[in-house]
Amino acid sequence: MAAMQVVPQHAWDGSVIMGRRLFFYRKDHQVIARERFDAVMAYAPLDRAPLLAEGLRDEVRQAWAAQGLPADADLDALFEYDPRQRLEVGLDPLPQLDHPPLTPADIDQRRWRLNADDPARMPGGAQWVTTVKQWQSAGHLIELPLSRGLFLTMGVGQWASLEPVLYQLTDAPTRVRRVMDDQAMLAAQLAHRVLSQVAVDFASFSEPVADNHGPLISPRLYRQLVLDSYRPVMDVLHGHGVKAIVWITYGNSKALIGDALDAGFNCLWAIETETQAMDYRRLRQQFGRQLRLIGGIDLDCLLAGPAAIDAELESKVPPLLADGGYLPLADGRVRANMPLAHYAHYRRRLEQMVRTG
(Lines give C-alpha, C1' and ligand atoms only; values in the text may rest on other atoms or scores of the structure.)
Protein backbone atom coordinates (compact mmCIF):
# COMPACT_ATOMS: atom_id res chain seq x y z
CA MET A 1 0.00 0.00 0.00
CA ALA A 2 1.25 3.46 -0.84
CA ALA A 3 2.36 5.64 2.04
CA MET A 4 -0.45 7.66 3.51
CA GLN A 5 -0.63 11.32 2.65
CA VAL A 6 -2.35 13.81 4.91
CA VAL A 7 -4.75 16.25 3.34
CA PRO A 8 -3.95 19.83 4.42
CA GLN A 9 -6.60 21.37 6.64
CA HIS A 10 -7.54 24.27 4.39
CA ALA A 11 -10.04 26.97 5.25
CA TRP A 12 -13.68 26.25 4.62
CA ASP A 13 -15.39 27.68 1.58
CA GLY A 14 -19.14 27.88 1.30
CA SER A 15 -22.07 27.97 -1.10
CA VAL A 16 -25.73 28.76 -0.52
CA ILE A 17 -28.55 26.54 -1.80
CA MET A 18 -32.16 27.15 -0.73
CA GLY A 19 -30.97 29.48 2.02
CA ARG A 20 -28.64 26.86 3.54
CA ARG A 21 -24.89 27.26 3.67
CA LEU A 22 -23.08 24.18 2.43
CA PHE A 23 -19.45 23.86 3.47
CA PHE A 24 -16.77 22.07 1.54
CA TYR A 25 -13.00 21.99 1.32
CA ARG A 26 -11.21 23.91 -1.37
CA LYS A 27 -9.94 21.49 -3.95
CA ASP A 28 -6.33 22.65 -4.01
CA HIS A 29 -4.95 19.29 -2.89
CA GLN A 30 -4.58 16.04 -4.78
CA VAL A 31 -7.41 13.62 -4.08
CA ILE A 32 -6.10 10.49 -2.37
CA ALA A 33 -9.18 8.29 -2.52
CA ARG A 34 -7.12 5.19 -3.22
CA GLU A 35 -4.96 5.57 -0.10
CA ARG A 36 -8.01 6.31 2.02
CA PHE A 37 -9.83 3.23 0.77
CA ASP A 38 -6.80 1.00 1.34
CA ALA A 39 -6.44 2.35 4.87
CA VAL A 40 -10.11 1.71 5.68
CA MET A 41 -9.86 -1.87 4.41
CA ALA A 42 -6.68 -2.42 6.47
CA TYR A 43 -8.04 -0.78 9.66
CA ALA A 44 -5.09 1.60 9.39
CA PRO A 45 -4.88 5.24 10.54
CA LEU A 46 -6.10 7.79 8.00
CA ASP A 47 -7.08 11.44 7.77
CA ARG A 48 -10.71 10.51 7.03
CA ALA A 49 -12.78 7.77 5.44
CA PRO A 50 -13.57 8.13 1.73
CA LEU A 51 -16.69 10.08 0.76
CA LEU A 52 -18.25 8.40 -2.27
CA ALA A 53 -21.17 9.60 -4.37
CA GLU A 54 -24.48 7.74 -4.26
CA GLY A 55 -25.18 8.27 -7.93
CA LEU A 56 -27.70 10.79 -9.32
CA ARG A 57 -29.88 10.07 -12.33
CA ASP A 58 -30.84 12.81 -14.77
CA GLU A 59 -34.36 12.96 -13.36
CA VAL A 60 -32.92 13.88 -9.94
CA ARG A 61 -31.05 16.83 -11.42
CA GLN A 62 -34.24 17.89 -13.20
CA ALA A 63 -36.26 17.72 -9.99
CA TRP A 64 -33.62 19.70 -8.13
CA ALA A 65 -33.54 22.33 -10.86
CA ALA A 66 -37.15 23.11 -9.95
CA GLN A 67 -35.96 23.53 -6.33
CA GLY A 68 -33.29 26.07 -7.19
CA LEU A 69 -30.25 24.12 -8.34
CA PRO A 70 -28.73 25.86 -11.38
CA ALA A 71 -28.69 23.69 -14.48
CA ASP A 72 -24.92 24.05 -14.77
CA ALA A 73 -24.19 23.49 -11.08
CA ASP A 74 -21.12 21.37 -10.42
CA LEU A 75 -22.06 18.97 -7.63
CA ASP A 76 -18.40 18.08 -7.17
CA ALA A 77 -17.87 21.67 -6.05
CA LEU A 78 -20.87 21.68 -3.70
CA PHE A 79 -20.28 18.30 -2.09
CA GLU A 80 -17.06 16.45 -1.45
CA TYR A 81 -16.90 13.23 -3.43
CA ASP A 82 -13.80 11.08 -3.63
CA PRO A 83 -13.58 9.97 -7.27
CA ARG A 84 -14.40 6.34 -8.10
CA GLN A 85 -14.19 4.67 -11.51
CA ARG A 86 -15.79 1.38 -12.51
CA LEU A 87 -13.61 -0.62 -14.87
CA GLU A 88 -16.36 -2.39 -16.79
CA VAL A 89 -15.56 -5.62 -18.62
CA GLY A 90 -18.01 -7.43 -20.88
CA LEU A 91 -19.58 -10.24 -18.86
CA ASP A 92 -22.60 -11.04 -21.06
CA PRO A 93 -22.78 -13.73 -23.74
CA LEU A 94 -22.01 -12.24 -27.15
CA PRO A 95 -24.49 -12.23 -28.76
CA GLN A 96 -26.88 -12.46 -25.83
CA LEU A 97 -29.41 -15.24 -25.44
CA ASP A 98 -33.05 -14.18 -25.56
CA HIS A 99 -34.17 -16.67 -22.88
CA PRO A 100 -32.75 -18.32 -19.75
CA PRO A 101 -30.37 -21.23 -20.45
CA LEU A 102 -32.55 -24.04 -19.12
CA THR A 103 -31.63 -26.99 -21.34
CA PRO A 104 -28.24 -28.63 -21.96
CA ALA A 105 -28.34 -27.29 -25.51
CA ASP A 106 -28.99 -23.77 -24.21
CA ILE A 107 -26.07 -24.07 -21.81
CA ASP A 108 -23.72 -25.31 -24.51
CA GLN A 109 -24.78 -22.48 -26.81
CA ARG A 110 -24.24 -19.95 -24.02
CA ARG A 111 -20.76 -21.30 -23.33
CA TRP A 112 -19.70 -20.68 -26.92
CA ARG A 113 -20.77 -17.07 -26.53
CA LEU A 114 -18.39 -16.44 -23.62
CA ASN A 115 -15.20 -15.92 -25.61
CA ALA A 116 -12.80 -14.14 -23.25
CA ASP A 117 -10.54 -13.16 -26.17
CA ASP A 118 -13.21 -11.02 -27.81
CA PRO A 119 -11.73 -7.47 -27.78
CA ALA A 120 -15.23 -6.08 -27.25
CA ARG A 121 -15.06 -7.38 -23.68
CA MET A 122 -12.26 -5.06 -22.63
CA PRO A 123 -13.17 -1.67 -21.16
CA GLY A 124 -12.86 1.69 -22.87
CA GLY A 125 -11.52 0.68 -26.25
CA ALA A 126 -7.90 0.29 -27.28
CA GLN A 127 -6.62 2.94 -24.87
CA TRP A 128 -8.15 1.51 -21.71
CA VAL A 129 -4.80 0.84 -20.00
CA THR A 130 -3.70 4.45 -20.51
CA THR A 131 -7.06 5.68 -19.21
CA VAL A 132 -6.83 3.57 -16.06
CA LYS A 133 -3.29 4.71 -15.34
CA GLN A 134 -4.43 8.32 -15.69
CA TRP A 135 -7.20 7.67 -13.16
CA GLN A 136 -4.71 6.08 -10.80
CA SER A 137 -2.21 8.91 -11.08
CA ALA A 138 -5.03 11.30 -10.13
CA GLY A 139 -5.79 9.19 -7.04
CA HIS A 140 -9.09 7.75 -8.27
CA LEU A 141 -10.50 4.63 -6.66
CA ILE A 142 -10.70 1.81 -9.23
CA GLU A 143 -13.41 -0.87 -9.00
CA LEU A 144 -13.44 -4.04 -11.11
CA PRO A 145 -16.97 -5.54 -11.25
CA LEU A 146 -16.83 -9.27 -12.02
CA SER A 147 -20.32 -10.69 -11.49
CA ARG A 148 -23.96 -9.69 -11.74
CA GLY A 149 -25.04 -12.55 -9.51
CA LEU A 150 -27.05 -15.74 -9.83
CA PHE A 151 -30.32 -14.58 -11.33
CA LEU A 152 -28.97 -12.10 -13.86
CA THR A 153 -26.38 -14.64 -14.96
CA MET A 154 -29.23 -17.12 -15.46
CA GLY A 155 -30.98 -14.63 -17.75
CA VAL A 156 -33.69 -13.42 -15.38
CA GLY A 157 -35.18 -10.09 -16.40
CA GLN A 158 -38.74 -10.22 -15.07
CA TRP A 159 -41.20 -12.62 -13.43
CA ALA A 160 -41.78 -14.60 -16.63
CA SER A 161 -38.10 -15.52 -16.69
CA LEU A 162 -37.66 -15.80 -12.91
CA GLU A 163 -40.21 -18.56 -12.37
CA PRO A 164 -38.58 -21.21 -14.61
CA VAL A 165 -35.16 -20.45 -13.11
CA LEU A 166 -36.54 -20.97 -9.60
CA TYR A 167 -37.84 -24.37 -10.67
CA GLN A 168 -34.45 -25.10 -12.23
CA LEU A 169 -32.73 -24.51 -8.89
CA THR A 170 -34.53 -27.49 -7.39
CA ASP A 171 -35.20 -29.66 -10.45
CA ALA A 172 -31.82 -29.40 -12.20
CA PRO A 173 -29.27 -27.66 -9.95
CA THR A 174 -26.31 -29.19 -11.80
CA ARG A 175 -27.35 -27.26 -14.91
CA VAL A 176 -27.38 -24.02 -12.93
CA ARG A 177 -23.92 -24.83 -11.60
CA ARG A 178 -22.67 -25.41 -15.16
CA VAL A 179 -23.87 -21.93 -16.13
CA MET A 180 -22.25 -20.39 -13.07
CA ASP A 181 -18.99 -22.27 -13.70
CA ASP A 182 -18.89 -21.05 -17.30
CA GLN A 183 -19.52 -17.50 -16.17
CA ALA A 184 -16.87 -17.68 -13.47
CA MET A 185 -14.30 -18.97 -15.94
CA LEU A 186 -14.97 -15.96 -18.17
CA ALA A 187 -14.69 -13.60 -15.19
CA ALA A 188 -11.43 -15.22 -14.09
CA GLN A 189 -9.92 -14.88 -17.57
CA LEU A 190 -10.98 -11.25 -17.90
CA ALA A 191 -9.75 -10.44 -14.39
CA HIS A 192 -6.35 -11.94 -15.21
CA ARG A 193 -6.10 -9.90 -18.44
CA VAL A 194 -6.98 -6.69 -16.63
CA LEU A 195 -4.83 -7.28 -13.55
CA SER A 196 -1.82 -8.28 -15.63
CA GLN A 197 -1.77 -4.72 -16.96
CA VAL A 198 -3.20 -2.49 -14.23
CA ALA A 199 -3.90 -2.59 -10.50
CA VAL A 200 -7.36 -2.11 -9.04
CA ASP A 201 -8.42 -1.15 -5.55
CA PHE A 202 -11.26 -3.60 -5.21
CA ALA A 203 -13.20 -6.23 -7.09
CA SER A 204 -16.97 -6.38 -6.72
CA PHE A 205 -19.60 -9.08 -7.19
CA SER A 206 -23.22 -7.91 -7.40
CA GLU A 207 -25.78 -10.28 -5.88
CA PRO A 208 -29.48 -9.31 -6.15
CA VAL A 209 -30.62 -12.60 -4.67
CA ALA A 210 -32.84 -11.49 -1.77
CA ASP A 211 -35.96 -9.50 -1.00
CA ASN A 212 -36.81 -7.85 2.32
CA HIS A 213 -37.87 -11.19 3.82
CA GLY A 214 -34.63 -12.98 3.01
CA PRO A 215 -32.78 -14.81 0.22
CA LEU A 216 -34.77 -16.41 -2.60
CA ILE A 217 -32.41 -19.38 -2.44
CA SER A 218 -31.32 -21.44 0.57
CA PRO A 219 -27.87 -20.80 2.02
CA ARG A 220 -26.91 -24.39 1.11
CA LEU A 221 -27.83 -23.96 -2.55
CA TYR A 222 -26.27 -20.51 -2.70
CA ARG A 223 -23.03 -21.90 -1.34
CA GLN A 224 -23.00 -24.92 -3.68
CA LEU A 225 -24.22 -23.27 -6.88
CA VAL A 226 -22.83 -19.75 -6.62
CA LEU A 227 -20.08 -19.25 -4.06
CA ASP A 228 -18.26 -22.46 -4.93
CA SER A 229 -18.32 -21.47 -8.61
CA TYR A 230 -16.42 -18.27 -7.78
CA ARG A 231 -13.25 -20.12 -6.71
CA PRO A 232 -11.36 -19.59 -10.01
CA VAL A 233 -12.09 -15.85 -9.83
CA MET A 234 -10.98 -15.66 -6.21
CA ASP A 235 -7.76 -17.47 -7.08
CA VAL A 236 -6.99 -14.89 -9.77
CA LEU A 237 -7.76 -11.96 -7.47
CA HIS A 238 -5.60 -13.35 -4.68
CA GLY A 239 -2.84 -14.18 -7.14
CA HIS A 240 -2.75 -10.57 -8.29
CA GLY A 241 -2.83 -9.18 -4.76
CA VAL A 242 -6.36 -7.71 -4.79
CA LYS A 243 -7.05 -7.29 -1.10
CA ALA A 244 -10.60 -5.91 -1.04
CA ILE A 245 -13.29 -8.19 -2.51
CA VAL A 246 -16.71 -6.62 -2.10
CA TRP A 247 -20.02 -8.48 -1.97
CA ILE A 248 -22.76 -6.08 -3.15
CA THR A 249 -26.16 -7.28 -1.99
CA TYR A 250 -29.76 -6.11 -1.98
CA GLY A 251 -32.66 -6.67 0.40
CA ASN A 252 -32.15 -8.95 3.42
CA SER A 253 -29.16 -11.14 2.61
CA LYS A 254 -28.06 -11.67 6.21
CA ALA A 255 -28.45 -15.46 6.07
CA LEU A 256 -25.79 -15.63 3.34
CA ILE A 257 -23.11 -13.39 4.85
CA GLY A 258 -21.24 -16.06 6.78
CA ASP A 259 -20.87 -18.25 3.71
CA ALA A 260 -19.80 -15.24 1.62
CA LEU A 261 -17.01 -14.54 4.10
CA ASP A 262 -15.92 -18.18 3.99
CA ALA A 263 -15.82 -17.96 0.17
CA GLY A 264 -13.30 -15.11 0.22
CA PHE A 265 -15.33 -11.92 0.39
CA ASN A 266 -14.22 -9.48 3.06
CA CYS A 267 -16.46 -6.43 2.54
CA LEU A 268 -20.24 -6.00 2.42
CA TRP A 269 -21.97 -3.25 0.46
CA ALA A 270 -25.69 -3.67 1.14
CA ILE A 271 -28.06 -1.66 -1.06
CA GLU A 272 -31.80 -0.98 -0.66
CA THR A 273 -31.83 -3.16 2.41
CA GLU A 274 -34.28 -4.30 5.02
CA THR A 275 -32.88 -1.93 7.61
CA GLN A 276 -33.52 -3.91 10.80
CA ALA A 277 -32.08 -7.23 9.61
CA MET A 278 -29.14 -5.56 7.86
CA ASP A 279 -28.28 -3.01 10.56
CA TYR A 280 -24.53 -2.56 10.22
CA ARG A 281 -23.97 -2.15 13.95
CA ARG A 282 -25.46 -5.59 14.61
CA LEU A 283 -23.63 -7.12 11.64
CA ARG A 284 -20.32 -5.83 12.99
CA GLN A 285 -21.10 -7.34 16.40
CA GLN A 286 -21.96 -10.69 14.81
CA PHE A 287 -19.20 -11.00 12.20
CA GLY A 288 -16.48 -8.87 13.72
CA ARG A 289 -13.77 -7.02 11.86
CA GLN A 290 -13.39 -9.63 9.14
CA LEU A 291 -16.46 -7.98 7.60
CA ARG A 292 -15.65 -4.51 6.28
CA LEU A 293 -18.67 -2.36 5.50
CA ILE A 294 -19.72 0.17 2.86
CA GLY A 295 -23.03 2.06 3.11
CA GLY A 296 -25.52 1.30 5.86
CA ILE A 297 -27.29 4.70 6.07
CA ASP A 298 -31.04 4.28 5.59
CA LEU A 299 -31.98 6.23 2.47
CA ASP A 300 -35.61 6.45 3.60
CA CYS A 301 -34.59 8.48 6.66
CA LEU A 302 -33.20 11.13 4.36
CA LEU A 303 -36.68 11.78 3.05
CA ALA A 304 -37.99 12.72 6.48
CA GLY A 305 -35.94 15.87 7.01
CA PRO A 306 -33.00 17.19 9.05
CA ALA A 307 -34.04 15.77 12.43
CA ALA A 308 -34.42 12.24 11.07
CA ILE A 309 -31.21 12.60 9.08
CA ASP A 310 -29.25 13.71 12.14
CA ALA A 311 -30.66 10.85 14.23
CA GLU A 312 -29.79 8.25 11.59
CA LEU A 313 -26.25 9.53 11.07
CA GLU A 314 -25.47 10.05 14.75
CA SER A 315 -26.66 6.55 15.70
CA LYS A 316 -24.54 4.77 13.10
CA VAL A 317 -21.65 6.73 11.66
CA PRO A 318 -19.52 7.69 14.70
CA PRO A 319 -19.45 4.21 16.31
CA LEU A 320 -18.75 2.44 13.03
CA LEU A 321 -16.04 4.93 12.06
CA ALA A 322 -14.46 4.53 15.48
CA ASP A 323 -14.36 0.75 15.05
CA GLY A 324 -12.78 1.08 11.60
CA GLY A 325 -13.25 -0.84 8.38
CA TYR A 326 -16.26 1.31 7.49
CA LEU A 327 -17.04 3.63 4.61
CA PRO A 328 -20.31 5.56 5.28
CA LEU A 329 -22.82 6.06 2.49
CA ALA A 330 -26.57 5.98 1.91
CA ASP A 331 -27.82 2.48 1.11
CA GLY A 332 -29.15 3.23 -2.36
CA ARG A 333 -29.25 5.53 -5.33
CA VAL A 334 -30.79 8.96 -4.69
CA ARG A 335 -34.10 9.33 -6.50
CA ALA A 336 -36.18 12.27 -7.68
CA ASN A 337 -38.38 12.27 -4.55
CA MET A 338 -35.37 13.28 -2.44
CA PRO A 339 -35.60 17.05 -1.71
CA LEU A 340 -32.42 18.92 -2.54
CA ALA A 341 -32.35 20.56 0.90
CA HIS A 342 -32.50 17.13 2.59
CA TYR A 343 -29.69 15.74 0.47
CA ALA A 344 -27.58 18.84 1.12
CA HIS A 345 -28.13 18.51 4.87
CA TYR A 346 -27.21 14.82 4.77
CA ARG A 347 -23.99 15.37 2.82
CA ARG A 348 -22.94 18.33 4.98
CA ARG A 349 -23.46 16.38 8.20
CA LEU A 350 -21.78 13.28 6.78
CA GLU A 351 -18.72 15.29 5.74
CA GLN A 352 -18.48 16.83 9.20
CA MET A 353 -18.74 13.46 10.93
CA VAL A 354 -16.19 11.82 8.69
CA ARG A 355 -13.67 14.60 9.33
CA THR A 356 -14.12 14.52 13.09
CA GLY A 357 -14.17 10.73 13.27
Side-chain angles (χ1 to χ4, degrees), residues 36-37 39-44 46 48-52 54 149-150 202 204-223 226-227 243-305 307-334 346-347 349-350 352-354 356-357:
R36 287 172 177 147
F37 183 85
V40 167
M41 294 294 114
Y43 290 91
L46 71 165
R48 65 164 175 80
L51 287 162
L52 300 185
E54 296 80 12
L150 168 65
F202 69 100
S204 64
F205 294 62
S206 180
E207 192 55 84
V209 73
D211 62 15
N212 282 339
H213 300 289
L216 302 181
I217 177 175
S218 72
R220 178 184 62 83
L221 277 179
Y222 184 72
R223 181 174 59 252
V226 182
L227 292 175
K243 296 179 180 178
I245 306 178
V246 181
W247 194 54
I248 302 176
T249 71
Y250 304 77
N252 177 5
S253 60
K254 183 177 180 180
L256 307 177
I257 294 175
D259 286 329
L261 287 170
D262 291 341
F265 293 97
N266 55 16
C267 182
L268 170 70
W269 188 343
I271 297 173
E272 298 178 356
T273 66
E274 200 290 310
T275 54
Q276 292 301 314
M278 298 294 289
D279 186 298
Y280 275 15
R281 295 162 298 183
R282 296 192 182 103
L283 293 180
R284 175 54 61 80
Q285 290 175 353
Q286 179 175 351
F287 296 103
R289 298 179 109 203
Q290 64 175 324
L291 181 65
R292 286 87 171 162
L293 299 163
I294 299 174
I297 298 169
D298 185 5
L299 191 65
D300 289 340
C301 288
L302 308 189
L303 296 172
I309 293 169
D310 290 347
E312 173 71 4
L313 294 179
E314 289 166 5
S315 68
K316 294 180 179 178
V317 174
L320 287 168
L321 284 177
D323 197 41
Y326 174 57
L327 194 159
L329 191 68
D331 69 354
R333 185 186 293 270
V334 174
Y346 148 67
R347 289 300 304 197
R349 292 288 291 124
L350 182 62
Q352 291 171 344
M353 287 184 173
V354 163
T356 60

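Counting from 1, the numbers follow the sequence of the chain as shown.
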Any side-chain heavy atom of [X] within less than 4.5 Å of one from [Y]?
| X | Y | result |
| --- | --- | --- |
| L313 | I297 | yes |
| I245 | F205 | yes |
| N266 | Q290 | no |
| N252 | Q276 | no |
| V317 | R349 | no |
| L227 | F265 | yes |
| R347 | E54 | yes |

Any idea which heavy atoms bring [X] and [Y] closest together, and the distance?
| X | Y | answer |
| --- | --- | --- |
| V354 | L51 | CG2-CD2, 3.8 Å |
| A308 | C301 | CB-O, 3.7 Å |
| F37 | A244 | CE2-CB, 3.8 Å |
| I271 | G332 | CG2-CA, 4.0 Å |
| A39 | L46 | CB-CB, 3.8 Å |
| P328 | A49 | CD-CB, 4.1 Å |

Under the 3.5 angstrom rule, does the side chain of [X] hit a backbone N or O of [Y] as a donor-acceptor pair?
| X | Y | value |
| --- | --- | --- |
| R281 | S315 | yes |
| E207 | W247 | no |
| S253 | L256 | no |
| Y346 | A330 | yes |
| Y280 | A270 | yes |
| K243 | M41 | no |

Criterion side chain to side chain contact (heavy atoms under 4.5 Å, CB included) on V209 and T249, from CA distance to verdict: CA-CA 7 Å; V209 73; T249 71; over 6 Å; no
So, taking the atom named [atom1] in [X] and the one named [atom2] in [Y], what distance separates them when rounded to the nearest 0.5 Å?
| X | Y | atom1 | atom2 | value |
| --- | --- | --- | --- | --- |
| I248 | I294 | CD1 | CD1 | 7.5 Å |
| L350 | L329 | CG | CG | 7.5 Å |
| D211 | E272 | CG | CD | 13.0 Å |
| L283 | I257 | CG | CD1 | 4.5 Å |
| T273 | K254 | OG1 | NZ | 12.0 Å |
| R292 | Y326 | CZ | OH | 16.0 Å |

Pairing residues for R284 by the salt bridge (charged side-chain N to carboxylate O under 4.0 Å, His left out) criterion, not counting sequence neighbours: D323
Verdict with supporting geometry, Q285 and R282, side-chain hydrogen bond (donor to acceptor under 3.5 Å, both in side chains): CA-CA 5 Å; Q285 290 175 353; R282 296 192 182 103; over 6 Å; no
Salt bridge (Lys or Arg N to Asp or Glu O under 4.0 Å) contacts touching residues 256-265 (sequence neighbours left out):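 For residues 256-265: R223-D259.
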